[in-house]
Structure formats: structure tokens, C-alpha cells
Amino acid sequence: MPRYYEDKPVDGACAGVKEDLGACLLQSDCVLQEGKTPRQCLKEGSCRALQNSFFECKRSMLDARSRFRGRKGY
């Protein structure tokens with residue numbers, strides 16, 4: 001599921017995960033067929049794995065141990 005772009009500049013630490021989460025939500029059946037907003041679909045549990053990865057990436061930016069282990073995500 002992750003997309004890698006060679007020519008696209010990296011905007012931030014978790015930019016790849018954030019972009020993939022947005023794409024997953026926009027392509028989900030919840031948005032396309034049911035006509036709900038991506039925010040409502042996220043609350044209902046769509047794209048749960050990417051949401052968890054994005055949370056872990058953001059949390060690792062605040063964790064002092066990440067200086068040694070590196071940031072999570074891609």
C-alpha cells in the first residue's frame with residue numbers, strides 16, 4: 001500500500017504515511033458508495049492500520065528514545 005515517489009520532495013517526518021492515509025480514505029467504500037466525509041469514515045474505523053501507523057509516527061516525534069531508535073513510519 002505505501003507509495004514511494006522519487007521526484008516528490010518530503011514535506012515532513014510523517015508525510016508519506018499521511019498521504020497514504022488520505023488516499024486510502026478517499027478510495028474507501030465508505031466515502032465512494034455511502035457518501036460520507038473522510039472524517040466520519042475515519043471515526044467508524046476505515047483504514048485502521050494506516051491510522052495506527054500515522055499515530056505511531058507522530059508519537060515517535062515526541063518520544064525522547066526516538067533519538068536512538070529513529071522515527072517510525074516511512
Side-chain angles (χ1 to χ4, degrees):
M1 227 195 261
R3 296 180 181 169
Y4 299 101
Y5 301 102
E6 295 176 1
D7 57 346
K8 187 171 183 179
V10 177
D11 294 333
C14 303
V17 181
K18 183 178 181 180
E19 185 175 342
D20 287 343
L21 178 60
C24 177
L25 286 171
L26 290 176
Q27 295 172 359
S28 68
D29 291 337
C30 182
V31 172
L32 295 176
Q33 293 178 357
E34 297 176 18
K36 296 181 181 178
T37 63
R39 182 180 299 240
Q40 291 172 337
C41 295
L42 195 61
K43 287 182 181 178
E44 290 178 3
S46 297
C47 305
R48 184 61 69 183
L50 283 172
Q51 183 182 8
N52 190 26
S53 296
F54 184 65
F55 170 76
E56 290 293 330
C57 182
K58 286 293 197 181
R59 189 175 80 174
S60 71
M61 291 173 60
L62 300 173
D63 190 7
R65 292 178 292 176
S66 67
R67 295 179 302 169
F68 304 109
R69 297 180 183 172
R71 280 194 211 110
K72 296 181 180 177
Y74 47 90

inquiry  = Within this structure, what is the OG-CG distance for the pair Ser46 and Leu21, rounded to the nearest 0.5 Å?
reply    = 10.0 Å
request  = Look up atom CZ in Arg48 and atom CG in Leu42, then write down how far apart they are to the nearest 0.5 Å.
outcome  = 7.0 Å
key: CG on Leu50 to SG on Cys57, rounded to 0.5 Å   = 12.0 Å
inquiry  = Nearest 0.5 Å, please: how far is SG in Cys30 from CD in Gln40?
reply    = 7.5 Å
query = Any idea which heavy atoms bring Gln27 and Leu32 closest together, and the distance?
reply = O-CD1, 3.5 Å
query = Can you find a pair of side-chain heavy atoms, one from Glu44 and one from Lys36, that are under 4.5 Å apart?
reply = yes
ask   = Which heavy atom in Cys14 sits nearest to a heavy atom in Met61, and how many Å separate them?
value = SG-SD, 3.9 Å
remark   = Closest heavy-atom pair, Leu25 versus Val31, reported as atoms and distance to 0.1 Å, is O-CG2, 3.1 Å
